[in-house]
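Residue numbers run from 1 in the order of the sequence given. Only this structure's heavy atoms are used, side chains among them; waters, hydrogens and symmetry mates stay out.
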Amino acid sequence: MSSADWLQQLGRFFPALNEQNCQTTSPVDERYNCIAWAADDTEKWWWPDPLEQQYWPQEVPRESSLLAFQLMFQHLGYSSQSDDSLEPNKPKVAIFVDPNQVPTHAARQLPNGNWTSKLGRQNDIEHELVAIEGPAYGKVAIILAKVSNQNAL
């Protein structure tokens, strides 16, 4: 399937995605999901499921709430609320929520200012942040930043 065909199929879930603001960056890999990808882990599926079938840090409440997802990323060193601008040595993650404020997705900012996401069990993509807002993932609720150790005194 061509890239254009793949993007056309995604269009019903991500109406703003197009060839100008998105590119595929990996083959399909079912081992990890968007939360794991945003956390820089390609080995396991992250989700706070109540049956504990997926990975979730023990120190974080195992619930699908924006607060729990913020705490999970804080556990990884993301501490301050931020915006989508590129700041050198300041990695960022964005948490998406549905209309009920339930987390649906997370994306990680790349060094070039674009964002990277894992689309469920499908491919990783590089994209503009708001290009994946829509019926599938909802809207960005919060962006968190991590202060790099390079900035430490």
Side-chain angles (χ1 to χ4, degrees), residues 1-48 54-56 60 64-151:
M1 177 182 307
S2 75
S3 177
D5 291 339
W6 184 72
L7 280 172
Q8 186 175 10
Q9 283 188 338
L10 290 177
R12 64 179 190 239
F13 302 107
F14 308 103
L17 273 185
N18 59 54
E19 291 185 41
Q20 287 72 46
N21 65 19
C22 172
Q23 66 178 0
T24 303
T25 57
S26 78
V28 171
D29 190 331
E30 297 184 3
R31 289 177 299 167
Y32 61 97
N33 65 345
C34 62
I35 307 305
W37 182 244
D40 225 3
D41 181 353
T42 58
E43 298 301 317
K44 50 192 171 294
W45 195 275
W46 290 43
W47 199 259
Q54 283 89 34
Y55 174 77
W56 196 251
V60 180
S64 293
S65 69
L66 182 56
L67 178 59
F69 278 66
Q70 285 178 258
L71 291 171
M72 186 276 296
F73 280 109
Q74 286 175 357
H75 175 74
L76 298 175
Y78 292 87
S79 57
S80 61
Q81 193 165 340
S82 190
D83 59 28
D84 66 347
S85 66
L86 178 62
E87 298 177 66
N89 300 318
K90 203 175 224 185
K92 294 181 182 183
V93 294
I95 302 171
F96 290 70
V97 295
D98 69 14
N100 296 315
Q101 298 300 299
V102 175
T104 57
H105 181 72
R108 175 172 33 98
Q109 192 175 43
L110 295 168
N112 66 7
N114 283 335
W115 293 77
T116 181
S117 289
K118 168 79 165 156
L119 300 179
R121 297 184 182 280
Q122 298 301 312
N123 307 76
D124 305 332
I125 62 169
E126 182 174 330
H127 58 89
E128 294 175 359
L129 184 59
V130 298
I132 60 170
E133 288 187 334
Y137 293 153
K139 295 195 172 282
V140 173
I142 192 168
I143 297 173
L144 300 172
K146 182 192 289 190
V147 177
S148 172
N149 290 337
Q150 295 174 349
N151 291 344

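- Side-chain contact between S65 and P48 is absent, with no heavy-atom pair separated by less than 4.5 Å.
- Proximity of Q74 to L76: side-chain heavy atoms (C-beta onward) are nowhere separated by under 4.5 Å.
- Evaluation of the side chain to side chain contact (heavy atoms under 4.5 Å, CB included) rule for D98 yields N100, V102, T104 as partners, not counting sequence neighbours.
- Of the N and O atoms on the side chains of T42 and W37, not one donor lies less than 3.5 Å from an acceptor on the other residue.
- Proximity of a side-chain donor or acceptor of D41 to a complementary backbone N or O of E43 within less than 3.5 Å is detected.
- Taking both residues in full, the closest heavy atoms of A107 and F96 are given as CB-CE1, 4.1 Å, listed atom of the first, atom of the second, then distance.
- Contact check for H127 versus N114: no side-chain heavy atoms found under the 4.5 Å cut-off.
- Counting only distance, with no hydrogens or angles, the side chain of N123 and the backbone of S26 share a donor-acceptor pair below 3.5 Å.
- Considering CD of E30 and CZ of R121, their distance stands at 5.5 Å, rounded to 0.5 Å.
- Looking at heavy atoms from C-beta onward, L86 lies in side-chain contact with Q109 at the 4.5 angstrom threshold.
- N21 and A16 make their closest contact through ND2-O, 2.8 Å (heavy atoms, listed as atom of the first residue, atom of the second, distance).
- In summary, K118 and D29 do not engage in a salt bridge, as defined by a charged side-chain N under 4.0 Å from a carboxylate O.
- Here the closest heavy-atom approach between residue L66 and residue A141 is recorded as CD2-CB, 3.9 Å.
- Taking the side chain as every heavy atom from C-beta outward, K146 and S79 never approach each other to under 4.5 Å.
- Side chains of D124 and Y32 form a contact here, defined as non-hydrogen atoms less than 4.5 Å apart.
- Taking CG of L144 as the start and NZ of K90 as the end, the distance is 11.5 Å to the nearest 0.5 Å.
- Between K92 and D84, none of the side-chain N atoms (NZ, or NE/NH1/NH2) sits under 4.0 Å from a carboxylate O, so this pair counts as no salt bridge.
- Side-chain contact between Y78 and I143 is absent, with no heavy-atom pair separated by less than 4.5 Å.
- For the pair W115/E128, no side-chain contact is recorded, criterion being any heavy-atom separation below 4.5 Å from C-beta on.
- Under the 6.0 Å cut-off for aromatic ring centres, F14 and Y137 qualify, their centroids lying closer than that.
- A distance below 6.0 Å separates the ring centres of W56 and F69.
- Atom CD of Q23 sits about 9.5 Å away from atom CD1 of I125, to the nearest 0.5 Å.
- Side-chain contact annotation: N112 with E126, donor-acceptor N/O pair under 3.5 Å present.
- Between the CG atom of L119 and the OG1 atom of T24 there is a distance of 8.0 Å, given to the nearest 0.5 Å.
- Here OG of S117 is found 3.5 Å from CD1 of I132. Values are rounded to the nearest 0.5 Å.
- Annotation: K139, atom NZ; neighbour count of heavy atoms from other residues, nucleotides and ligands within 6.0 Å does not exceed 12.
- Between the side chains of N33 and Y55, not a single donor N or O lies within less than 3.5 Å of an accepting N or O.
- Considering every non-hydrogen atom in both A36 and W46, the closest pair reads CB-CD1, 3.3 Å.
- W45 does not carry R31 over the face of its six-membered ring by the limits of under 6.0 Å from the centre and within 45° of the normal.
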